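Computed from a predicted structure; not experimentally measured. Side chains are part of it too, since the values below use all heavy atoms of this structure and drop only hydrogens, waters and symmetry mates.
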Amino acid sequence: MKKLLFVFALFFITNISAQSYQFKITGKINSFKDKSPIEAATIHLERVKDSSVVSYTISNEKGNFSLEGKSFHKDLKLFISYVGMDNYTKLIPLGKKSDFNLGLINIKENSNLLNEVVIKSRAPITIKKDTVEFNVKSFKTKKDASVEDLLKKLPGVEVDEEGKITVNGKSVNKILVNGKPFFGNDPSITTKNLTKDIIEKVQITDTKSKSEAFSGEKGDANNKTINLTIKKENNKGWFGRVSGGAGTDKRYEGATMVNRFDNDQRFSVLASTNNINSPGFSFGEIQKMFGGGNNWIGGNGSFSINGRRFGGGSGIVKSKTAGATYADQYGKGVDVNANYFYSGSSSNDASKSNKEYTLPDRKYFTNATSTSNDENHNHSVSTEFDIEIDSTFLINISPSFVFNKREGNNRREEESLSESNVLTNNYTSNSFAKSSANNFKNTIDITKKLGSKGAFIKASITNQIDESNTDEINKSTIEVFGSNPSSETRDQESTISDNLVGLNTMVTYRFPLVAKKFFLDAKYSYQSDERENKQDTYDFNNSSQQYTDFNESLSSDFTYNDIAKTPSLELIYKTKKWRFNFETGFVNRTLENNDKLRPELSLNKKFNNIALDAGFRYRFDSKASIYLDYRLTNRVPGINQIQPFENVSNPSNIITGNPELKPTQNHRAYINFNKFNWQAGTGIYLYVSGSMFKNQIISNTSISDEFIRNSTYENTDGGYDLWGG
């Protein structure tokens, strides 16, 4: 019986092996009209039985292609497709021979090009200028797969465990649905909640703003945008997700998201709550909902985006979120996108640290414990209007509002000990703070194309108004021991207001030196930030039992202006193969501080600097390219670094600004090489980048015999960064 099974198995394996057909198909693709070679045409093989893709490739710059592999099916069908051309098909019968040289193949201009007929390409991959388009049907996934599952199947696309997407090593920072934002262009919400079944095409291109896309400017070469095209029959209906969980120690988590699509109209809501230090949605999900800006990510998973805090903070966190997004098109050329988001959290945190400091001549130790409780509520509203007056005139308006309320208390105890474990000082602090903040920001972009040679004029204006108010009570004690012992006790109430009025404008005029190839851009930008800071601190009066004694050393009242004027010129030359740009600008900057409480600390600083930006990109063929970039930028010192004010809010660490600071110059260079084989799904992406700093601003700290720290800021040369991969 065993022998019979062995013979049967051997016969079965031999029979399968006999049905595996090797093939190699080569040829050259030319235009029928002018006989020129066609680069980046898609060539793919399908099984005749079910039209599933067996293999595919792309023609090179000479129009040549080679398709190799094996198939268990004897009859295959070859397809050649290129945008604007008729498809070419040919039956490939395997079995009698494995090598097929198709010779010269001339494909004609699309016969339906001038008619209102939509021809759907069956090619797995299509190259359209700077866009790579994938046909979803050609990539097999599990049933009910998400868009994230689909992206993992596409050549050159990678998705890590946190949902971050890269294309040939370049980050994807925007995902659109039918060319429009979905929850503020957020990648994670889109990829995890949309299913593959409703997607028809995936398009990948360099990231561009709407104004850049409209005017034909270059995009961000180091970031990619993915556009998902919904099947027409699936662009209506409801879908979403619900998740929840519970565990020991009364831990819980729940989240839901519901969406409704109706062609151009889209409405989505989301909500979550938990007490496991989770924001409910990832940093990527929320960050792209409201754009970039001032962001940080904590080591415990909490994060903040433009002052909006998610995850609450460290320690044990209870958080809740809710939001909605709406998109629609009104009439012809008016697109509207609106978002609302609420986040609330309460956190309890306790920490303990023991540190050892090694100085050139001695050592010392610090022990610290701290506890805190925070309650935070944040409301955010953002809208976006795109108004296309006609094919040459576009207006973008993007207002946003943020409202925040927060209160919390903190207790900290810290002590310093000498190398022989002798106590040198100790510090105890108890504080309670209640704050509110309002933020308004609006950006208006106006773009007007002039003529047919690539000229345009563009104006952008951004205004920002921030208002922040804080009431704080602080009680602290510091004791210094040793040869000069001292003790200081504080019991104070502070009222703090911090307001910002910002204006940023830029005007660009593009003049074509050679139509659609060589351009001169003349630019002028003006930036003005006016910050008003007022802090009134009062000591507790034992006689009146009220906070009535004004403490000047812990109070402030100043207005700080940062004004920059930058005229610049940029030369741009671009062809199908390569692109070059060189920009130089003159930065005239004024830093002005008017100190009403300490007039002797007022200052007025003027700086003149050169800014440079040069880039070069060359595309060897449809599979390989090289990119170089150099930039010279200038960063001015902040108000806390340049103002000669002695900050004694923490008497164990006193910080003083330096009015002699100069702006930091950063020379940055970047180069990458990218080559990818679409058929094999293999490739190489190399990059090296580095920066050199002049007048880099550093902190210089001196430590007294009692281990009290005194810090200030200085300029230094010789700093550099280097990274690659």
Side-chain angles (χ1 to χ4, degrees), residues 173-190 193-194 198 203 207-215 225-230 232 234-240 257-271 281 285-293 305-306 308 321-342 378-403 439-449 458-465:
N173 64 345
K174 184 185 292 187
I175 287 190
L176 306 176
V177 177
N178 285 348
K180 298 179 182 180
F182 182 66
F183 265 102
N185 308 331
D186 163 53
S188 300
I189 289 183
T190 308
N193 290 281
L194 292 182
I198 68 170
Q203 298 167 323
T207 295
K208 292 184 179 183
S209 68
K210 292 179 180 178
S211 178
E212 288 171 338
F214 187 75
S215 62
T225 291
I226 292 179
N227 180 49
L228 305 174
T229 302
I230 304 292
K232 189 174 182 180
N234 292 118
N235 204 26
K236 279 194 174 186
W238 295 82
F239 63 92
M257 182 179 186
V258 180
N259 311 272
R260 182 181 184 274
F261 278 16
D262 187 0
N263 295 320
D264 291 324
Q265 188 182 86
R266 201 170 61 229
F267 178 70
S268 304
V269 295
L270 60 80
F281 295 88
E285 286 182 293
I286 298 173
Q287 191 263 345
K288 289 302 174 185
M289 197 180 303
F290 302 109
I305 299 173
N306 284 337
R308 286 158 275 183
T321 59
T325 181
Y326 172 78
D328 203 352
Q329 181 172 331
Y330 293 91
K332 185 178 180 181
V334 179
D335 287 333
V336 177
N337 200 306
N339 299 282
Y340 165 76
F341 204 88
Y342 163 77
N378 200 93
H379 301 267
S380 177
V381 179
S382 62
T383 55
E384 187 175 353
F385 303 91
D386 301 324
I387 305 169
E388 189 170 335
I389 307 299
D390 55 40
S391 60
T392 67
F393 194 12
L394 177 68
I395 300 174
N396 308 105
I397 306 173
S398 307
S400 65
F401 307 84
V402 178
F403 311 95
N439 167 275
F440 168 76
K441 186 177 183 180
N442 185 41
T443 299
I444 301 175
D445 289 324
I446 301 174
T447 307
K448 174 65 176 176
K449 293 189 283 188
K458 182 168 67 172
S460 175
I461 181 170
T462 299
N463 64 303
Q464 181 174 343
I465 301 174

Taking side chain as C-beta onward, heavy atoms only, is Asn463 less than 4.5 Å from Phe440? yes
The reported gap from OH in Tyr326 to CG in Asn339 (rounded to nearest 0.5 angstrom) is 13.0 Å
Tell me, yes or no, whether the heavy-atom count around Lys449 atom NZ, taken from other residues, nucleotides or ligands under 6.0 Å, exceeds 12. yes
Between the CG atom in Asn173 and the CD1 atom in Ile226, the distance rounded to the nearest 0.5 Å is 10.0 Å
Output the distance between atom CD (Gln329) and atom CG (Asp335), rounded to the nearest 0.5 Å. 4.5 Å
Full working for side-chain contact (heavy atoms from CB on, under 4.5 Å) between Thr383 and Val336: CA-CA 7 Å; Thr383 55; Val336 177; over 6 Å; no
Please determine whether side-chain contact (heavy atoms from CB on, under 4.5 Å) holds for the pair Phe393 and Ile387, giving the CA-CA distance in whole Å, both sets of side-chain angles, and the decisive distance to 0.1 Å. CA-CA 9 Å; Phe393 194 12; Ile387 305 169; over 6 Å; no
I need the Ile444 CD1 to Asn442 CG distance, nearest 0.5 Å. 5.0 Å
Non-hydrogen side-chain atoms of Lys441 and Thr462 separated by less than 4.5 Å: yes
Nearest heavy-atom approach of Ser398 to Glu384 is OG-CG, 3.7 Å
Taking all non-hydrogen atoms of both residues into account, name the closest pair between Asn439 and Gln464 and its distance. ND2-NE2, 3.5 Å
In sequence, state the C-alpha distance, the side-chain angles, and the governing distance for Thr443 and Asn396, and then conclude on side-chain contact (heavy atoms from CB on, under 4.5 Å). CA-CA 8 Å; Thr443 299; Asn396 308 105; over 6 Å; no
Test side-chain contact (heavy atoms from CB on, under 4.5 Å) on Phe341 and Thr325 and set out the steps. CA-CA 9 Å; Phe341 204 88; Thr325 181; over 6 Å; no
Straight-line distance of Thr447 OG1 to Ile389 CD1, nearest 0.5 Å: 11.5 Å
If you round to the nearest 0.5 Å, how far is CH2 of Trp238 from CZ of Phe267? 7.5 Å
